[in-house]
Chemist: 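Take a look at this one; I'll ask things after.
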Number of protein chains: 2
Amino acid sequence: MKNKLVIFAVDDHPIFLKGLIEILQDELTEASIYGFNFPFEALEKAEKLKPNVAVLDLDMPKMNGIVLSKELKNIDPNIKIIMLTMHKEPDIIRSVISKGLDAFVFKDDAVNELSKAIKNVLMDNIYISNPQILNQTKEKSEILASLTKTECKILIFIAENKTSNEIANLLSVSIKTIQNHRNNISKKLQLKGSNSLLKFAISNKEWL
Amino acid sequence: MKNKLVIFAVDDHPIFLKGLIEILQDELTEASIYGFNFPFEALEKAEKLKPNVAVLDLDMPKMNGIVLSKELKNIDPNIKIIMLTMHKEPDIIRSVISKGLDAFVFKDDAVNELSKAIKNVLMDNIYISNPQILNQTKEKSEILASLTKTECKILIFIAENKTSNEIANLLSVSIKTIQNHRNNISKKLQLKGSNSLLKFAISNKEWL
DNA sequence: ATAGAAATAGGTATTGTTACTTAAATTTAT
DNA sequence: ATAAATTTAAGTAACAATACCTATTTCTAT
């Protein structure tokens, strides 16, 4: 006779968490489901309750799903992590997926995909709902990864509303150096036209 | 003996909707709760089911909560609308609040505030959870509201990555006219510096 | 040690945005 | 009808970003 399955669900939105617990309970009637609105609550209870699976929201204030997953794996490396997200951008997913998760499920698909994900991670499989999304624009994220350290630093400054002049002063280099970097970044990202780099930086500032 | 209360809940996220229905059912055991993932489904059923209250998500693809609320009021002006949102920015809330809603509840507060909101709207009161948020930065939204029609139109074009030249061609006016409007908008919004208007437009594009 | 990558910085030109001015035509409201 | 607001558009100037180019120094890995 095997032990009762213990599942953690962590999401900062109370209503979403309520729905999440409902779904898990519906699908896994024999499991114990614990819901937490705050990541630190889940961490506090993890040692005592010894969860087998943790279903985490990626986007949470203060401690996001990635950080929380690392903390949980610290407590017990056998805890299986299922990451939930609303984001559908391949770039974001790719940047997150390489950090030791066991499953990745999109919130829109969660009703159908969560039980599959749980079954798979318990068999030590890695599960990704909607994997075809990842094949759509492989190039872009690879190009983003091709940016050098300095180029990344400058792109972050651009996203922070800094002009080339301001960045040059902050880094104590010539404005021509910054302009040159901007050009190289634009070429790598295949951006053209007026303020295209600024628009890109602002739109993607969360993921630099 | 009064009729049974009929409540609609509309949210594009299945899990959130599930949680929402749970809360409503918990709080109002005697009511009939109908949940819809898609606004058009709610519209289709509204004539037959004659809801007294509709709890709507503000941010939905294709048809947002404002549009849906107008359609529902078209079917029956007596339907009370409770708008749910995640946004906490006073600007956004102020721009939405003046469109004939009966209640405004923040998603984070929804567990506690929803039943209060329903009771109030049924008594023909207007209910706002967390009204103190609105008093924080009154000025900015008032300035935003001070924009004229043409200024708004141009701001939307700017947010759509259009240059002054492109906007001038689209509207068949001189580029100097567009530049002049840009200046007037910047002055009204108290924006200064390089590309400040573009940055503002991109950051606020959802609420123009 | 040396080749390759990265960071530095200069030139030159075009285009776009900001910031100010004035002013006429048109629309809107009282 | 008249005043006020809005839209239109001109001039001028400075600053910023894009889009090319070349070239030197510095770091990095084999």
Side-chain angles (χ1 to χ4, degrees), chain A residues 95 139-205 207-208, chain B residues 95 98 139-205 208:
Chain A
S95 76
E139 316 81 26
K140 203 175 163 192
S141 59
E142 276 172 7
I143 293 166
L144 240 180
S146 78
L147 295 182
T148 65
K149 285 176 216 161
T150 312
E151 285 168 347
C152 270
K153 210 191 295 176
I154 288 166
L155 194 49
I156 290 166
F157 279 128
I158 295 169
E160 287 169 352
N161 286 354
K162 304 242 183 319
T163 65
S164 296
N165 209 347
E166 288 169 336
I167 299 170
N169 288 330
L170 281 165
L171 301 180
S172 299
V173 294
S174 160
I175 187 175
K176 289 305 296 184
T177 303
I178 305 301
Q179 286 175 334
N180 187 43
H181 280 306
R182 288 183 87 123
N183 263 295
N184 292 335
I185 296 167
S186 290
K187 273 184 187 167
K188 281 187 183 176
L189 300 177
Q190 295 169 293
L191 298 170
K192 278 183 182 176
S194 80
N195 292 312
S196 52
L197 187 55
L198 177 65
K199 292 166 194 164
F200 176 88
I202 293 176
S203 303
N204 294 74
K205 78 167 85 176
W207 316 98
L208 299 175
Chain B
S95 76
S98 57
E139 315 81 25
K140 202 174 163 192
S141 59
E142 274 173 6
I143 293 166
L144 239 181
S146 77
L147 294 183
T148 65
K149 284 177 217 161
T150 312
E151 287 168 346
C152 270
K153 209 191 296 177
I154 288 166
L155 195 49
I156 290 166
F157 279 127
I158 294 169
E160 288 170 351
N161 288 353
K162 303 241 185 320
T163 64
S164 296
N165 208 345
E166 288 171 335
I167 299 169
N169 287 331
L170 282 165
L171 300 181
S172 301
V173 295
S174 159
I175 187 175
K176 290 306 295 183
T177 305
I178 306 301
Q179 287 174 334
N180 185 47
H181 281 305
R182 288 182 87 123
N183 263 295
N184 291 335
I185 296 167
S186 290
K187 272 184 186 167
K188 282 187 183 176
L189 301 178
Q190 294 170 292
L191 298 171
K192 277 184 183 176
S194 80
N195 291 310
S196 53
L197 187 54
L198 176 66
K199 292 167 194 165
F200 176 88
I202 292 176
S203 303
N204 296 72
K205 77 168 86 174
L208 302 174

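The model shown is predicted, which means the values in this text are computed figures rather than measured ones. Chain letters run A, B, ... following the sequence lines, proteins first and then strands; every chain starts at 1.
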Chemist: Determine whether a donor-acceptor pair (one donor, one acceptor, N or O, separation below 3.5 Å) exists between the side chain of N195(B) and the base of dA16(D).
Modeler: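 Checked by distance alone, the answer is no.
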Chemist: Using the side-chain contact (heavy atoms from CB on, under 4.5 Å) definition, which of the options N195(A), I202(A), L197(A) pairs with K199(A)?
Modeler: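 Among N195(A), I202(A), L197(A), the one that satisfies the side-chain contact (heavy atoms from CB on, under 4.5 Å) with K199(A) is N195(A).
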Chemist: Taking the side chain of T150(B) as heavy atoms from C-beta outward, which of dT7(D), dT8(C), dA10(D) is closest to it?
Modeler: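 Closest nucleotide among those given: dT7(D).
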Chemist: Looking only at side-chain atoms of N180(A), point me to the closest of dT8(D), dA19(D), dT8(C).
Modeler: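 Among dT8(D), dA19(D), dT8(C), the one nearest the side chain of N180(A) is dT8(C).
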Chemist: To the nearest Å, give me how far apart CD1 (I185(A)) and P (dA6(C)) are.
Modeler: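 Between P of dA6(C) and CD1 of I185(A): 13 Å.
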Chemist: Mind checking T177(A) for me? I need base, sugar-phosphate or nothing, with any heavy atom below 4.0 Å counting as a touch.
Modeler: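 Base contact.
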Chemist: If you find the nucleotide of DNA chain C closest to K149(B) and the one closest to G193(B), which residue's nucleotide is nearer the 5' end?
Modeler: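 This one resolves to G193(B).
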Chemist: Of the candidate nucleotides dT18(D), dC20(C), dA9(D), which contains the atom at the shortest distance from the side chain of K176(B)?
Modeler: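 Closest nucleotide among those given: dA9(D).
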Chemist: Start with the C-alpha distance between I158(B) and F200(B), add both sets of side-chain angles, then the distance that settles side-chain contact (heavy atoms from CB on, under 4.5 Å), and finish with yes or no.
Modeler: CA-CA 9 Å; I158(B) 294 169; F200(B) 176 88; over 6 Å; no
Chemist: Specify the residue among Q179(B) and T148(B) whose closest nucleotide of DNA chain D lies further upstream toward the 5′ end.
Modeler: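 Residue closer to the 5' terminus by nearest nucleotide: T148(B).
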Chemist: Tell me what L191(A) touches on the nucleic acid: a base, only sugar-phosphate, or nothing, going by heavy atoms under 4.0 Å.
Modeler: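 L191(A): backbone/sugar contact only, no base atoms under 4.0 Å.
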Chemist: Please report, rounded to the nearest Å, how far the C1' atom of dT7(D) is from the CZ atom of R182(B).
Modeler: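 Distance, rounded to whole Å: 17 Å.
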Chemist: Specify the angle, to 10°, made by the local axes at the two ends of the helix from dA1(C)-dT30(D) to dT17(C)-dA14(D) when five pairs are taken at each end.
Modeler: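 Overall, the helix from dA1(C)-dT30(D) to dT17(C)-dA14(D) bends by 30° from one end axis to the other.
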Chemist: Would you kindly give the CD1-to-P distance between I175(A) and dT18(D), to the nearest whole Å?
Modeler: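 Computing the I175(A):CD1 to dT18(D):P distance gives 12 Å.
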Chemist: Write down the distance between CG (N183(A)) and P (dG11(C)), rounded to a whole number of angstrom.
Modeler: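 Between P of dG11(C) and CG of N183(A): 16 Å.
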Chemist: As an exercise, state the distance from CD of Q190(B) to OG of S196(B), rounded to the nearest 0.5 Å.
Modeler: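 If we round to the nearest 0.5 Å, Q190(B):CD and S196(B):OG are 12.0 Å apart.
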Chemist: Which is true for L197(B) with a 4.0 Å heavy-atom rule: it touches a base, it touches only sugar-phosphate, or it touches nothing?
Modeler: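 Sugar-phosphate contact only.
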Chemist: Ignoring backbone atoms, establish whether S164(B) has a side-chain N or O less than 4.0 Å from OP1 or OP2 of dG16(C).
Modeler: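 So the side-chain polar atoms of S164(B) never come under 4.0 Å of the phosphate oxygens OP1 or OP2 of dG16(C).
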Chemist: dA19(D), dG10(C), dC20(C): which one has an atom nearest the side-chain heavy atoms of S174(A)?
Modeler: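 Side chain of S174(A) sits closest to dG10(C).
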Chemist: From I167(A) CD1 over to Q179(A) CD, what is the distance, rounded to the nearest 0.5 angstrom?
Modeler: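 Answer rounded to 0.5 Å: 10.5 Å.
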Chemist: Rounded to the Å, how far apart are N184(A) CG and dT8(C) C1'?
Modeler: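 It works out to 11 Å between those atoms.
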Chemist: Can you check the I154(B) CD1 to dT6(D) C1' distance for me, whole Å?
Modeler: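 Atom-to-atom, I154(B) to dT6(D), this comes out as 12 Å.
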Chemist: What is the distance, rounded to the nearest whole Å, between atom NZ of K199(A) and atom P of dT17(C)?
Modeler: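 It works out to 7 Å between those atoms.
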Chemist: Could you state the interatomic distance from CG (L170(A)) to NZ (K153(A)), rounded to the nearest 0.5 Å?
Modeler: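 Atom-to-atom, L170(A):CG and K153(A):NZ are 11.0 Å apart.
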Chemist: Base, sugar-phosphate, or nothing: which does N165(B) touch, judged by heavy atoms less than 4.0 Å apart?
Modeler: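 Here N165(B) touches the backbone only, sparing every base.
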Chemist: Hey, mind stepping through I178(A) and L171(A) against side-chain contact (heavy atoms from CB on, under 4.5 Å) and telling me if it holds?
Modeler: CA-CA 9 Å; I178(A) 305 301; L171(A) 301 180; 4.3 Å; yes
Chemist: Take the protein atom CG of L198(A) and the nucleotide atom C1' of dT15(C), then report the distance between them rounded to whole Å.
Modeler: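 Nearest whole value for this atom pair: 16 Å.
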Chemist: Among dA9(D), dA17(D), dC20(C), which nucleotide sits nearest the side chain of T163(A)?
Modeler: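 Nucleotide nearest to T163(A)'s side chain: dA17(D).
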